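Structure first, then comments.
Every chain is numbered from 1 and lettered A, B, ... according to where its sequence line falls, protein lines coming before strand lines. If you're wondering where the values come from, they're calculated on a predicted model, not measured in any experiment.
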Amino acid sequence: MKRFAQLFTELDQTTKTLKKVEALVRYFEEAPDEDKLWAIALLSDKRPRRTVRSALVREWGAQAAGIPKWLFAESYGVVGDLGETIALMVPGEEIANSGSLTYWMDYIRGMEKLDDTTKHELVADAWGSLSVMERFVFNKLIGGSFRVGLSQKLMVRALAQYTNIEENALAHRLMGKWTPDNTTYQKLVVEEDLNEDASRPYPFYLAYALENGPAVLGEPEEWFAEHKWDGIRGQVIVRNGQVFTWSRGEELVTDKFPEYLAFKDAVPDGTVLDGEILPFKDGKALPFQVLQTRIGRKNVTKKILTDAPVVLIAYDILEYQGEDIREMPIVERRAILEKVVSEAAMKTDRLLISDLVEFNTWEELANERLRSREQLSEGIMLKRKTAPYRVGRRKGDWWKWKVDALTIDAVMIYAMRGSGRRANLYTDYTFAVWDNGALVPFTKAYSGLTDAEINQVDRWIKANTIEKFGPVRSVQPVQVFEIAFEGIQASTRHKSGIALRFPRINRWRQDKPATEADTLQTLQEILRGYGG
Amino acid sequence: MPLLEFNSKGIYCQQADVYIDPWRPVDRAIITHGHSDHARWGMGHYLCHKHTAPIIRARLGVTNIDTVEYGETWSKNGVTFSLHPAGHVIGSAQVRVEYRGEVWVASGDYKLQHDNFSTPFEPVRCNVFITECTFGLPIYQWQPQEVIFNDINNWWLENSEQGKTSVIFGYSLGKAQRILQNLDESIGPILTHGAIENMNKVIREECCPLKPTTLITRDTPKSAWAGGLVIAPPSAAGTAWMNKLKPLSTGIASGWMSLRGARRRRAVDRGFALSDHADWNDLNTAIKETGAECIITTHGYTGTFTRWLREQGYKANEEHTEFEGELSEINEAATKEADEVATEKEEGKE
């Protein structure tokens, strides 16, 4: 655990990719195989479920620190992280050999079925025998919230450096349903076992944002263009007579989308499709919110299937007749895809192809892009015709050219303390627009400001507070911010009657007095224009 | 009438007509230590420990200063005063005020940890204890200074082996000298930024010796800092001054660095949790050792800490001072730092 906590510290204290990879390679060199396997699992978001409820952890933490609950709550508010709060204030005696990562993973998972009293004893023992950083990692693990600032891609890169196995092959081996219980480091990483697990998806190829228009991409005829559909990126696998659906978050979501089970008779065995899971009814796409509501439900009921049916808008094919065809240029893959989709049409209406946008000049494409929002698309995707299907986010071959966000100028009226990195800074704001001389709150937003601006706004908030309610303060309605958003919906849950999609702060309008901020009427007009 | 009261100008003893660490100009001021929020310009007359005098003379350009030793007493209008070590920075003092058998202690800023440089804190028995609580939450628990300096020295050594210059940020009065005196100088040369060296010069000339340091000037050759460690004020972070030191690794020494969020928010490579203020346990220990039944909290997490003290059976109150504005983590420390550097720059011009 000491070594793993050290790795965590090293990853945590640098923002430099190279240093992170180096730290991880060192860890792989030093750790025993079973710890390596756990480290790989934890760093690829295969963390164990929460074993102790956070309310209990809070109570036991306060008790172990010998302080009243209110003081614990105050401290937690300042730190912004429960695991860290406890790690900092519970007295512990650091012992030299605190046990391996695997020992602690077994310890933690062993608690799952125990009663609270026994759990309490085990947790208190652990706190007492670990150092601050180990305690922190332990707390994150029992809370089911262990996260490290390291992408899966970097983890794979480090593992590739350590094992001398190619990155792509490793990324493939590490996907799928494995856990440290049903495999070993040797089997998972070292042994070649392609196709052993029929459900195993390919790593997604991700597009980069095209910030300044397509002129930099060269000749228009070298590119395919499609609309960027506003659904969930998904991969549907048909192998051995079974269907598996994966979402981009590498989550197996087969059960959430039973519509795709029909593919097993509609496409040849050994087919893997990449596309957009899109709510679609009566020949047209539905707004994203419909899908969001559906995902949130535990069971997929008949009603859901009727109200919010999904299709797969396929835009790529990665495996055909059991063969990995990712190295083919997309022109050739697309031809295969067209054939597969058209043949499938006899058996299912749940598989569609993402149509190509016809264009001869970048200007024509730019005009099409402006029509995106009407079609509930987020903009245009550009794919280089000669490109293979790559792994992860690689610059150059796939670009997303999103429509410009909608914006509105709003007045900040509440501020809330952030958490984690921004604990004790006021970073989450509530914004309002004018309606007959009163300010009506309509959205919250937090990302979008620079650290320097956050500090400046934070100081302003503290100096201009009207009232405090726990972590929230109401502030003088003075500061105007430009809020950008991707979509707008009518909502009965909000006072303003509208809900925004992806609201964020575009800029701080220090030049604008609050009286000149936008009105509710403006929002309603946008809703009429673009609301789904 | 309390022996010491808090008014708009500072902590006031009416009986003796003298202020402690006033934030507005007054006739007579007792100064606990040389930091800019405690020692301000414009007093008719200053009184402080003999090691604080050269610091405020250099920083504020004032000359009307009387000095005393720790433990030396003086009286005015029946009130007896004396200064006692606060362990915060060199020359820092608690002010003991006694009148008709009642004793108050205004402690300024203090720490209990021995830093191997400033005179260690001494508990003073009193009836009323005025305390800071900058780190008055149980999440703040310092590791022994040896552990932190072990980390700092290891970081320096590692950088030096990789051909990098180590730059560590700490405020120029106190933290800088504490770092200097505890570094392992066998690793390489120790260099300083101008703001730090100005303070070092004052201390060397008028207080006590320090380890040798090299001031980095325009003419300093690159070879001078090969494998070296540079001590700089936090305000130097990210300025063009740093460019010539590249390749480099940066670190900051501050109590705020014990929180992960603060460490990550600062764009430095390493954060070392090293503070010149008392941590949670030491605040509680210090208060207990005074034997005081009444505690007044002045700056830091005053509200929370006061409530805690009341629950422990003390009569406790918070008083508003201008020693620090609202606490906003490292920003506050950084702002304070920027003020200090600005002061130093102005002094340079004069």
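Between A:R26 and A:E10, at least one side-chain N (NZ, or NE/NH1/NH2) sits under 4.0 Å from a carboxylate O, which counts as a salt bridge.
When the options A:R473, A:K462, A:R459 are evaluated for a side-chain hydrogen bond (donor to acceptor under 3.5 Å, both in side chains) with A:Y426, the one that passes is A:R473.
Heavy-atom distances place the side chain of A:F136, and not its backbone, under 4.5 Å from chain B. For A:E84, the part lying near chain B is the side chain, with the backbone staying farther off; criterion is any non-hydrogen pair under 4.5 Å.
Checked against the 6.0 Å centroid threshold, B:H277 and B:Y140 do not count as a close aromatic pair. The six-membered or imidazole ring of A:F8 lies near that of A:F146, with a centre-to-centre distance under 6.0 Å.
Heavy-atom pairs under 4.5 Å with chain A were tallied for B:L137, B:I139, B:D269, B:N281; the largest tally goes to B:I139. Taking A:D12, A:I67, A:T85, A:T14 one by one and counting their heavy-atom pairs under 4.5 Å with chain B, the maximum is reached by A:D12.
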